[in-house]
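See structure below.
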Amino acid sequence: MPYCTQCGSEMAEAAICPSCQSPEPVPAPPSSSRYELKFVGSGAPMLWIYLVTFLLSILTLGIYYFWGRTRIRRYILSMTELDGERFAWHGTGGELLIGWLKALVVLAILIGQYLLFMLGLGTATGEVMGTIILYAGFMMLMPVALVGAWRYRFSRTSYRGLRFAFRGRVMPFFKLYVAGSLLTIITFGIYFPVFASKIQRFFCRHTFYGTARFDYDGKDSALVGPWLLALLLFIPTLGLSLLWFTMRQANYQWSYSSFAGARFRPSYTFSSYFFLIFTNLLLVVFTLGIGYPWAEVRGLRYMCSRLPLEGVIDFASIQQRAADATATGEEMSDMFDADAMDIGLGF
Amino acid sequence: MSVTRLQYPAGFFDGVSAQRQQVEVTIAAAGLLITKPDASTVWWPSEEIEVTDRGQPVRLCRKGRPPQELIINEAGFLEAARLGRESGESSLAAKIVALLAILVALVWSLYQFVLPAIGERIAASVPVELEERFGRAVADRFAPPDSRIEDPRAQEAVEEIGRLLRAELGRTRYQFRFYIADDPMVNAFAAPGGHVVIFRGLIKMTRSPHELAAVMAHEMQHVRMRHVTRALLRTLGIRALMSFIAGDTSGLVFDVAALAGDMHFRRNDEEHADREAMRLIQRAGFDDRAMVKIYRRMARETADAPGPLQYLSTHPEMESRVETIEKMARGGAPRALLPGRKWPPL
């Protein structure tokens with residue numbers, strides 16, 4: 001029995017079968033598409049949440065603040081969409097409060113030792129000793145707090161009904177962070193872009209969406225040149241070169257980052273970002289702060305609209321991982337799993 | 001009467017796959033029944049349903065893990081399912097204005113009444129040793145030890161006046177210490193716990209020991225009545241309030257001694273200290289007219305002088321303060337104070 005030379009199905013004579021001749025049945029490689037990230041919220045509802053939060057915070061001696069924070073996050077994420085589908089926030093005010101209490105204990109210890117040194121050793125030496133321990137303590141706590149915050153935030157965020165998850169461990173990041181900080185200090189800051197690139201890699205490679213993952217394949221040393229230039233021009237440009245570098249870095253890091261196989265295509269520019277910051281400043285100053293939510297909305301719109309993805313995301317094949325679905329419960333959260341980053345503890 | 005529609009097409013995420021499914025939602029008494037194209041169903045009990053977005057489209061989420069999501073693109077669903085109303089933004093502006101007004105009133109009353117009251121309470125329970133220690137830090141900060149004048153003649157004069165005033169001050173928990181700062185400013189300040197700093201400029205400006213005694217009496221009364229500690233706690237409270245408004249608690253990790261720099265007495269405190277100082281001067285048998293004179297001169301001086309002369313700095317208030325003590329002055333014959341000394345001692 002002869003077969004089709006292309007697909008191997010049975011035929012009357014050896015040839016290419018009709019189905020293989022026509023172009024339709026050959027599954028075309030999925031064409032690359034563009035996924036837009038968009039923020040669709042507006043200022044007034046945000047201002048309302050801020051005001052309610054403020055009022056209730058005063059009346060509850062600050063306790064409500066955490067629930068208000070949660071409302072803002074829920075609003076922001078529910079108004080952010082990727083490819084037409086919204087994100088969702090599942091965190092609670094109670095979780096933020098617990099995270100804050102944990103951070104407070106650590107902070108109390110750090111400040112307490114500072115005061116003890118100051119009162120115990122007399123002002124001059126005591127202040128020096130206490131200050132050194134205080135800053136060293138903050139430097140050591142920073143990576144722990146960062147990982148805790150990432151873990152918390154991603155595990156409470158969902159998209160298309162699936163949770164995100166950050167699976168980075170504290171110890172490797174702690175080593176990366178302390179080594180990077182020290183090298184940055186020793187090299188008078190030159191090492192900084194390498195350090196930032198390493199953080200971005202750690203961050204992306206440990207962030208999951210169901211079975212899909214973020215990735216980063218940028219070169220660590222790529223931005224050393226621009227960084228030196230920015231430092232050199234810091235004084236003549238009155239510091240604006242740093243803003244330029246920030247945008248350069250955001251563009252570089254995101255264009256080498258990917259999500260579920262699709263690449264980010266950032267288009268941040270210095271001039272547009274400068275314009276945004278400048279007009280936002282005017283907006284906040286001339287409204288005596290009332291315009292802040294609108295400034296925030298403009299910032300979010302800018303950040304999202306200039307960060308589309310390109311490639312193929314096969315949503316049908318992305319599945320929830322059982323571990324992520326259950327790791328959101330309070331009983332699973334370990335002691336580092338707390339958000340101390342966003343609640344202003346001097347970090 | 002319209003018939004409530006009970007079936008709506010919807011998008012559905014099952015929490016297992018990221019694939020969106022087209023489903024039919026049926027509103028039932030105790031929840032929502034979701035029917036998939038293959039006729040299989042998912043039941044959402046009412047108590048697990050959370051409305052995550054009341055806009056268009058409406059979004060619902062089923063609490064729990066993994067989260068399931070429903071997206072309904074048709075108006076009227078929320079009301080039909082008795083989940084509240086879809087959001088309209090028409091009344092939001094009015095609500096915001098009302099809330100703003102409430103907030104301004106609330107913050108103002110906190111600032112005006114609540115914080116001072118709390119400060120008062122705390123001030124009353126601060127131990128003297130702490131005040132004393134803290135006062136030393138403040139004095140060291142604003143008049144560093146190496147910038148002090150160690151002139152025995154001037155120091156002796158100041159100590160002597162301080163001793164005589166202290167004797168008439170009555171019961172107080174504080175030990176007074178007087179420092180002379182080498183600074184041309186016409187100024188003096190009282191740090192908590194009895195540390196009184198007098199600037200060179202002030203001493204040079206006095207024409208008699210009685211005039212210096214008047215200013216010292218004023219500062220000592222501030223200390224005795226714990227105005228400094230109270231003002232500090234008030235400033236602290238305001239800082240806390242500010243950083244709370246700004247949502248940034250890092251403002252509370254501060255240098256307390258530096259805080260004393262932007263601390264202000266209230267007008268009440270100043271007037272109170274003036275009256276008590278006048279009484280003290282009179283009890284001690286000093287020249288109460290001298291107090292009026294030095295106040296007048298300082299008011300004139302600070303009116304012309306540039307820069308931050310905190311002491312007696314606000315003018316309309318200063319006028320009324322001078323008037324008040326002028327009324328109190330009896331102008332009797334004063335006792336001799338530091339007789340036979342050259343004045344000013346600097």
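Not measured: the values here are computed from a predicted model. The chains referred to below are lettered A, B, ... by the order of the sequence lines, with proteins before strands, and numbering in each begins at 1.
For A:Y159 (side chain) and A:L82 (main-chain N/O), a donor-acceptor pair under 3.5 Å exists by modelled atom type.
The pair B:R148-B:D140 meets the salt-bridge criterion, with a side-chain N (NZ, NE, NH1 or NH2) lying under 4.0 Å from an Asp/Glu carboxylate O. Note on B:E47 versus B:R62: no salt bridge recorded, every NZ/NE/NH1/NH2 to OD/OE distance being 4.0 Å or above.
The contact between A:I290 and chain B is made entirely by side chain atoms (from C-beta outward), counting heavy-atom distances below 4.5 Å. Contacts between A:A88 and chain B at a heavy-atom distance below 4.5 Å involve the side chain alone, from C-beta outward. With a 4.5 Å cut-off on non-hydrogen atoms, B:R136 does not touch chain A at all. Contacts between B:S17 and chain A at a heavy-atom distance below 4.5 Å involve backbone atoms as well as side-chain atoms. Interface residue B:I96: backbone and side-chain heavy atoms are both found under 4.5 Å from chain A. For B:E69, the part lying near chain A is the side chain, with the backbone staying farther off; criterion is any non-hydrogen pair under 4.5 Å.
No more than 12 heavy atoms of other residues, nucleotides or ligands lie within 6.0 Å of CE in A:M140, so this atom counts as exposed by the packing criterion.
Looking at residues two or more places apart in sequence or on another chain, you find a side chain to side chain contact (heavy atoms under 4.5 Å, CB included) between B:V114 and B:L110, B:I118.
With a 4.5 Å cut-off on side-chain heavy atoms, B:P9 and B:E74 count as touching.
The candidate from B:L106, B:L99, B:L100 with the greatest count of non-hydrogen atom pairs under 4.5 Å with chain A is B:L99.
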